[in-house]
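To keep things clear, I will list the structure first and then write my remarks on it.
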Amino acid sequence: MLTLIWAQDEAGLIGAKGTLPWHVSADLKFFKEQTMGQTILMGRTTFIGMGERLLPKRTTWLLTKDTHYQVAGAKVFHSVEEVLQASLGQDLIVTGGAKVYENFLPYADCLVQTVLAKKFSGDTYFPKVNWDDFQLVTQVPFTDAKSGISGYFNTYHRK
Ligand SMILES: NC(=O)c1ccc[n+]([C@@H]2O[C@H](COP(=O)([O-])OP(=O)(O)OC[C@H]3O[C@@H](n4cnc5c(N)ncnc54)[C@H](OP(=O)(O)O)[C@@H]3O)[C@@H](O)[C@H]2O)c1
């Protein structure tokens, strides 16, 4: 099973200057629950935006074209094909960013989308999804206690 997980604002924004445009604890908690114990894949830009720190209790795969790039405790891949080959027979959760989502969207079985009911400013958007290919299986509303931001956790399966 290949899953893409992301949080966006109501216009599809996902990033600003290499990091997240918001701090929404409820979504970070949701992300943690969804990815705990799993193998996650991210692009080098996203990893740098996280301060190049590995998330605990998850197996991290990184994608870069740089064949010299190494990170202790992570596995580094250099092409989509290499990742797909390695993920055969196991679950993989793609955690961004935009370029990596775009590369793996054609192979996604499941989309786990947080939609924040607000508009933020930034520079990076989730790629265009052909929603006809997916069906909504769960939709859970939430409100973040600290920021007051509300939204939905949506899960889609490929039809
Ligand atoms: N809201 C969310 O849920 C969410 C989640 C994740 C990230 N983000 C945000 O998204 C933004 C980053 O997105 P981004 O699109 O700029 O960067 P990205 O997708 O994180 O990383 C792009 C980099 O990944 C590597 N890469 C991508 N495709 C590749 C391929 N086919 N083969 C080999 N390497 C490949 C390349 O690294 P090299 O240049 O090293 O070759 C490329 O420059 C940040 O603002 C981040 O905070 C948001």
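Computed from a prediction, not measured in an experiment: that's the story for all the values here. Both ligands and their constituent atoms are indexed starting at 1 by order of listing.
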Quick one: does [X] get an N or O within less than 3.5 Å of an N or O on ligand 1?
X	value
Gln8	no
Val80	no
Asp123	no
Trp22	no
Ile14	yes
Thr64	yes
Lys17	no

Thr155 and Thr138 side chains, donor-acceptor separation under 3.5 Å: yes
Ring-ring centroid check Tyr101 Phe126, cutoff 6.0 Å: yes
Within-shell test, Ala7 vs ligand 1, heavy atom, strictly < 4.0 Å: yes
Heavy atom of Ala16, distance to ligand 1 below 4.0 Å: yes
Any protein heavy atom < 4.0 Å from atom 39 (O) of ligand 1: no
Select one of side chain, backbone, both or neither to describe which atoms of [X] lie under 4.0 Å from any atom of ligand 1, heavy atoms only.
X	result
Phe47	neither
Ile5	neither
Asn103	side chain

Pi-cation contact, Phe31 with Lys29 (under 6.0 Å, within 45°): no
Heavy-atom proximity to atom 46 (C) of ligand 1, best of Pro21, Pro127, Gly18: Gly18
For atom 41 (O) of ligand 1, the protein heavy atom that lies nearest, with its residue and separation: Lys65 N, 2.7 Å
Thr3 (side chain) donor-acceptor with Leu111 (main chain) under 3.5 angstrom: no
Parallel, tilted or perpendicular: ring planes of Tyr156 versus Trp131, cut at 30 and 60 degrees: tilted
Phe47 and Tyr69 aromatic ring geometry - parallel, tilted or perpendicular at 30°/60° bounds: perpendicular
Salt-bridge contact Asp133-Lys159 (side-chain N to carboxylate O under 4.0 Å): no
